[in-house]
Protein chains: 2
Amino acid sequence: MGRRKSYDRDVLVGKAVEIFRDHGFAGTSAEMLVAGLGVNRYSLYAEFGSKQALFEAALQRYDEEVLERNFGPLEAPGAGIDEVRALLEFFGSARESPASGRGCLLCNTAVEFGPDDPSGAGFVQQYFERLSEAFYAALSNAGGKGELRRSVDPREEAGFFTASVLGLFVMLRAKAPPTVIESAARVAIGHLEALRAKPPA
Amino acid sequence: MGRRKSYDRDVLVGKAVEIFRDHGFAGTSAEMLVAGLGVNRYSLYAEFGSKQALFEAALQRYDEEVLERNFGPLEAPGAGIDEVRALLEFFGSARESPASGRGCLLCNTAVEFGPDDPSGAGFVQQYFERLSEAFYAALSNAGGKGELRRSVDPREEAGFFTASVLGLFVMLRAKAPPTVIESAARVAIGHLEALRAKPPA
DNA sequence: ACTATATCTAAACGATCGTTCAGAAACAAC
DNA sequence: GTTGTTTCTGAACGATCGTTTAGATATAGT
């Protein structure tokens with residue numbers, strides 16, 4: 001039995017998420033990772049194999065934790081309009097959001113790499129699917145409960161809300177004027193509320 | 001009189017726009033610029049001074065040409081709902097848009113650099129202001145002509161449409177499923193049309 | 001034809017890139 | 001205390017980074 005590790009892999013991945021979220025893949029050097037993770041260079045490569053592999057572990061972690069925390073409520077059984085509204089309100093609170101200055105790691109990655117896939121695993125396409133399916137699920141639930149106007153197409157609206165939150169992520173990332181972010185969220189919420197079926201007279 | 005230049009500065013900047021649009025700033029090497037612009041390394045630095053300076057020239061050019069072409073119609077005197085609609089229809093045509101796989105250079109830059117300004121010139125913040133002011137101008141015009149419902153706040157809606165097109169840019173950049181892009185644009189257009197004042201009975 | 005000057009060509013600079021290596025240190029088992 | 005093994009330390013590898021340089025070439029003016 002040899003020397004024990006002085007780090008925890010899960011902790012390292014968590015820290016890597018934050019570093020890649022701030023700087024992107026190309027803008028993050030191995031040196032930055034060594035400094036930010038607090039491990040030596042040898043252990044970084046022994047544990048993860050390559051910078052790319054660490055990046056993919058970070059994307060996986062982000063999906064499991066951050067996307068799960070934010071979009072999981074929409075995917076839950078019984079989720080509906082209120083869950084969508086809570087999400088929009090959360091991202092519209094520009095000054096307080098943890099995404100301020102940082103945005104969403106998967107959104108940032110989508111833009112950084114464009115149509116080139118940073119890994120064979122299709123993280124970005126899965127991300128778009130997850131977002132639109134989450135909105136679709138919540139709105140379909142609402143429709144099934146009679147909470148949506150009959151004319152509403154949950155599939156169409158899902159695409160719309162996906163674009164809305166991606167736009168919020170961009171503005172949060174680059175610290176657009178908070179008033180623009182808040183307006184965008186309020187109108188999206190107004191649009192959402194307008195989808196509700198009117199209660200019978 | 002010495003040897004004449006075998007390049008045109010404006011042509012080089014135009015090519016640089018395309019390269020930075022595809023690969024971002026960090027993802028574009030000097031070698032890629034030399035190859036893509038078709039000049040020698042000496043001339044690249046003689047003409048522009050640095051990679052950063054070329055990047056800023058590209059951002060300026062993009063603003064003057066691409067943003068002008070796309071958002072200029074909203075800024076024009078007399079612009080209204082129809083101009084906003086045309087813009088949304090244009091970006092919603094995912095398969096045909098020149099932005100497919102590339103998005104918007106300023107949006108990409110906003111995400112790549114986050115709150116760090118890539119130059120002292122504030123290109124990204126000016127970009128957000130330009131977008132939201134363009135939407136505001138067009139919607140204010142419509143309001144002034146009595147074409148908007150009285151309850152509509154052009155300032156709020158401008159923030160919303162800014163987020164919408166940024167979201168479309170992200171999805172275009174990463175080649176999200178065209179159905180999601182098209183749905184997002186259609187619903188945004190539906191929302192826009194719902195802002196129209198009803199004609200008197 | 002010669003000269004002065006500007007640009008091109010090819011190479012190189014110092015620094016950093018992502019990754020690997022050799023030896024030292026720390027540890028558990030014996 | 002010794003041994004075998006794993007991790008850490010510090011350095012270095014080959015490649016590429018952004019930028020500069022020296023000499024060659026092309027050009028206009030004389």
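To find a chain, count down the sequence lines: A is the first, B the second, and so on, and within it residues start at 1.
- Aromatic ring centres of A:Phe20 and A:Tyr62 lie farther apart than the 6.0 Å criterion allows.
- For A:Phe135 and A:Phe160, the gap between ring centers reaches or exceeds 6.0 Å.
- Rounding to whole angstrom units, NE2 of residue B:His23 and C1' of D:dG18 are separated by 18 Å.
- Here the P atom of nucleotide D:dT7 and the CG atom of A:Asp8 are 14 Å apart, to the nearest Å.
- Using a 4.0 Å heavy-atom cutoff across all strands shown, A:Phe48 reaches no nucleic acid atom at all.
- Rounded to a whole Å, the CG atom of A:Leu44 is 12 Å from the C1' atom of C:dT20.
- Among the nucleotides D:dT19, C:dC17, C:dT7, the one closest to any side-chain atom of B:Tyr42 is C:dT7.
- With respect to the salt-bridge test (charged N to carboxylate O, under 4.0 angstrom), the residues A:Arg196 and A:Glu193 qualify.
- The side chain of B:Ala30 approaches D:dT19 more closely than any other nucleotide in the set C:dC21, D:dT21, D:dT19.
- Along DNA chain D, the nucleotide closest to B:Arg3 and the one closest to B:Gln52 are compared, and the more 5′ of them pairs with B:Gln52.
- Exactly one residue among A:Leu166, A:Val124, A:Val165, A:Leu131 makes a side chain to side chain contact (heavy atoms under 4.5 Å, CB included) with A:Cys107. That residue is A:Leu166.
- You'll find that the side chain of B:Lys5 is closest to C:dT7, out of C:dT7, D:dG18, C:dT19.
- Separating the CG atom of B:Leu37 from the C1' atom of D:dG18 is a distance of 15 Å, rounded to the nearest angstrom.
- Straight-line distance from the CD atom of B:Glu31 to the P atom of C:dA12: 16 Å, rounded to whole Å.
- Considering only side-chain N and O atoms, B:Tyr45 lies nowhere under 4.0 angstrom from the phosphate OP1 or OP2 of D:dT20.
- Under a 4.0 Å N-O distance rule, the pair A:Arg155/A:Glu133 qualifies as a salt bridge.
- Taking atom CG on A:Leu54 and atom C1' on C:dG18, their separation rounds to 13 Å, with Å as the unit.
- At whole-Å resolution of the value, OH in B:Tyr7 and P in C:dA6 are 13 Å apart.
- Ranked by how close their nearest DNA chain D nucleotide is to the 5' end, B:Gly2 and B:Ser29 are led by B:Ser29.
- Between the base of C:dT7 and the side chain of B:Arg4 there is no donor-acceptor pair shorter than 3.5 Å.
- B:Arg41 has its CZ atom 12 Å from the P atom of D:dT20, to the nearest Å.
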